[in-house]
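Notes follow once the structure below has been shown.
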Amino acid sequence: MLSFYLFLLLTSCSLSTQETQHKNDSLSFSFPLTSLPRSPQASPSFYSSFISQTKKAPTLKSSSVSSSPYNYRSGFKYSMILVVSLPIGTPPQTQQMILDTGSQLSWIQCHKKVPRKPPPGSVFDPSLSSSFSVLPCNHPLCKPRIPDFTLPTSCDQKRLCHYSYFYADGTLAEGNLVREKITFSRSQSTPPLILGCAEESSDAKGILGMNLGRLSFASQAKLTKFSYCVPTRQGRPGFTPTGSFYLGENPNSGRFRYINLLTFSQSQRMPNLDPLAYTVAMQGIRIGSQKLNIPISAFRPDPSGAGQTMIDSGSEFTYLVDAAYNKVREEVVRLVGPRLKKGYVYGGVSDMCFNGNAIEIGRLIGNMVFEFDKGVEIVVEKERVLADVGGGVHCVGIGRSEMLGAASNIIGNFHQQNIWVEFDLANRRVGFGKADCSRSV
């Protein structure tokens with residue numbers, strides 16, 4: 001399986017908190033963040049799918065999200081990944097975490113070997129939090145073959161519960177399972193949630209797992225909904241775009257259009273299916289005015305689970321199964337074939353790359369549209385069809401999912417720019433709303 005390597009530019013950020021009273025008497029907390037420039041040396045990130053091919057944890061039930069006590073807004077940094085900062089512990093320590101709707105366990109950095117002055121938000125110090133506790137070996141989660149983890153949990157030498165977590169891009173995180181609060185203010189916090197406290201990891205930030213699994217942050221915090229808005233990458237000197245991340249009600253939701261999530265019963269477990277992902281019914285793809293000749297079956301799980309279409313914040317690029325990718329490539333070749341960078345494959349997954357004027361090539365390709373049921377569409381305007389991958393090379397932001405070892409269609413965050421994406425858990429649906437995300441509040 002192909003592994004991807006991330007290069008992240010660490011920056012420090014100051015935390016300012018604004019509290020606004022809402023009509024439902026819940027508080028909204030705003031944590032403005034800056035945007036990280038993406039590294040031209042990096043390959044497309046793909047955090048969300050684990051190496052494990054089967055996940056048998058129960059899906060989130062509507063009864064568990066019947067009421068959400070939180071109404072929280074944050075910005076996030078956007079480079080190859082979406083980064084939010086959350087106040088964790090008592091008193092809170094700000095932790096930078098990758099927002100990932102495709103994975104379950106949330107974890108923070110608890111490395112013991114750190115520089116004397118580590119970057120703010122990079123390492124959590126358990127000794128400074130009065131609400132921190134570690135799960136012992138006799139906890140029900142600390143049993144062999146627990147399906148929520150890609151490797152069995154185990155007891156360490158201190159009789160504490162040890163976990164290991166692998167992701168499809170090669171990222172590893174392992175440490176102890178712990179309980180800790182997310183503290184939004186002096187008067188509002190979550191109950192203690194189960195998190196990973198990573199003592200070894202191959203990334204500098206933690207992960208905020210937001211899928212439908214029972215151990216995800218969304219499930220444990222009993223969220224009814226959450227949403228985010230990804231700003232465009234195009235930056236000006238001295239300007240750093242900032243997106244938004246909401247827990248709870250979003251004041252912009254009145255103009256969202258919704259599609260239902262596809263659900264899978266316990267009896268429908270299939271080797272290539274992730275039952276905990278946000279799976280939707282994609283209908284097709286248009287490029288310019290041309291509807292591509294892709295059978296709808298390419299976007300639906302087959303008996304093995306291959307063909308599932310999911311909305312994923314943890315993947316940078318969009319990935320398509322070969323039946324869909326090949327049709328997209330055929331149309332791109334028809335429109336701009338002579339301009340293709342011959343023999344070039346970006347990140348091992350995308351061979352639709354170009355040298356030359358990206359604006360001109362984008363105009364030749366035209367808008368790209370992902371069609372869903374109920375007439376809902378994600379429109380990728382021609383100015384944003386190509387991703388700058390460095391070295392003067394621009395690629396269509398789509399890769400072959402089968403090169404990842406995954407047989408799924410994955411709508412990544414590159415194709416979620418300037419769109420509100422809301423996960424309405426109580427009603428089991430996903431909403432989209434066009435926006436200027438660098439100005440969204």
Side-chain angles (χ1 to χ4, degrees), residues 46-50 52-62 64-65 99-104 147-148 167-168 209-216 218-219 223 225-228 256-285 294-315 317-321 323-325 370-378 398 401-402 404-413 415-416 419 421-432:
F46 185 81
Y47 264 92
S48 303
S49 179
F50 324 134
S52 173
Q53 293 297 305
T54 57
K55 308 180 196 65
K56 301 179 181 179
T59 57
L60 190 68
K61 297 181 180 179
S62 58
S64 68
V65 293
L99 175 62
D100 186 8
T101 60
S103 65
Q104 181 172 185
D148 300 281
Y167 299 84
M210 296 292 282
N211 75 0
L212 292 169
R214 63 183 178 128
L215 294 181
S216 75
S219 180
L223 300 179
K225 60 181 63 174
F226 67 92
S227 55
Y228 55 81
F256 296 172
R257 298 190 64 190
Y258 292 89
I259 53 178
N260 294 328
L261 292 172
L262 301 182
T263 58
F264 307 94
S265 68
Q266 292 287 329
S267 63
Q268 290 179 283
R269 297 304 186 214
M270 297 170 266
N272 292 308
L273 182 80
D274 181 353
L276 306 181
Y278 294 102
T279 305
V280 293
M282 191 152 79
Q283 300 291 100
I285 299 174
I294 305 172
I296 290 182
S297 59
F299 304 119
R300 302 288 191 279
D302 66 14
S304 75
Q308 174 183 21
T309 301
M310 61 189 81
I311 307 296
D312 183 9
S313 67
S315 172
F317 272 19
T318 288
Y319 295 89
L320 299 174
V321 298
Y325 183 92
F370 298 100
E371 301 175 342
F372 300 92
D373 59 352
K374 300 183 178 179
V376 176
E377 297 179 340
I378 292 179
I398 297 177
S401 62
E402 290 169 28
L404 296 168
S408 305
N409 301 292
I410 302 154
I411 308 300
N413 63 52
H415 290 123
Q416 298 175 41
I419 298 173
V421 183
E422 180 181 82
F423 297 85
D424 184 348
L425 304 177
N427 295 301
R428 303 198 66 84
R429 61 183 187 170
V430 178
F432 301 101

- Message: According to ring pair (Phe, Tyr, Trp, His ring centres under 6.0 Å), who are the partners of Phe370, at least two apart in sequence or on a separate chain?
- Response: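 Here the qualifying residues are His415.
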- Asp312 and Ser315: side-chain hydrogen bond (donor to acceptor under 3.5 Å, both in side chains), yes or no, with the steps? CA-CA 6 Å; Asp312 183 9; Ser315 172; 4.6 Å; no
- Minimum heavy-atom distance Val430-Phe432, with the two atoms named: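 Heavy atoms of Val430 and Phe432 come nearest at CG1-CZ, 3.8 Å.
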- Query: How close do Tyr319 and Ser401 get, heavy atom to heavy atom, and via which atoms?
  - Reply: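 Scanning both residues completely, I find the closest heavy atoms to be CB-CB, 3.6 Å.
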Residues in side chain to side chain donor-acceptor pair (under 3.5 Å) with [X], at least two apart?
| X | value |
| --- | --- |
| Asp373 | none |
| Thr309 | Asn409 |
| Arg300 | Gln283 |
| Ser408 | none |

- For Glu377, side chain to side chain contact (heavy atoms under 4.5 Å, CB included) partners two or more places apart: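 Expected list: Arg286, Val369, Glu371, Val379.
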Main-chain N/O of [Y] paired to [X] side chain as donor or acceptor, under 3.5 Å:
| X | Y | answer |
| --- | --- | --- |
| Gln416 | Ile411 | yes |
| Ser216 | Gly213 | yes |
| Ser313 | Leu99 | yes |

- Item | Positive for side chain to side chain contact (heavy atoms under 4.5 Å, CB included) with Leu261, one of Leu425, Thr279, Val280 |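 Among Leu425, Thr279, Val280, the one meeting side chain to side chain contact (heavy atoms under 4.5 Å, CB included) with Leu261 is Val280.
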- What orientation do Tyr278 and Phe423 show, parallel under 30°, tilted 30 to 60°, or perpendicular over 60°?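 Tyr278 and Phe423: tilted rings.
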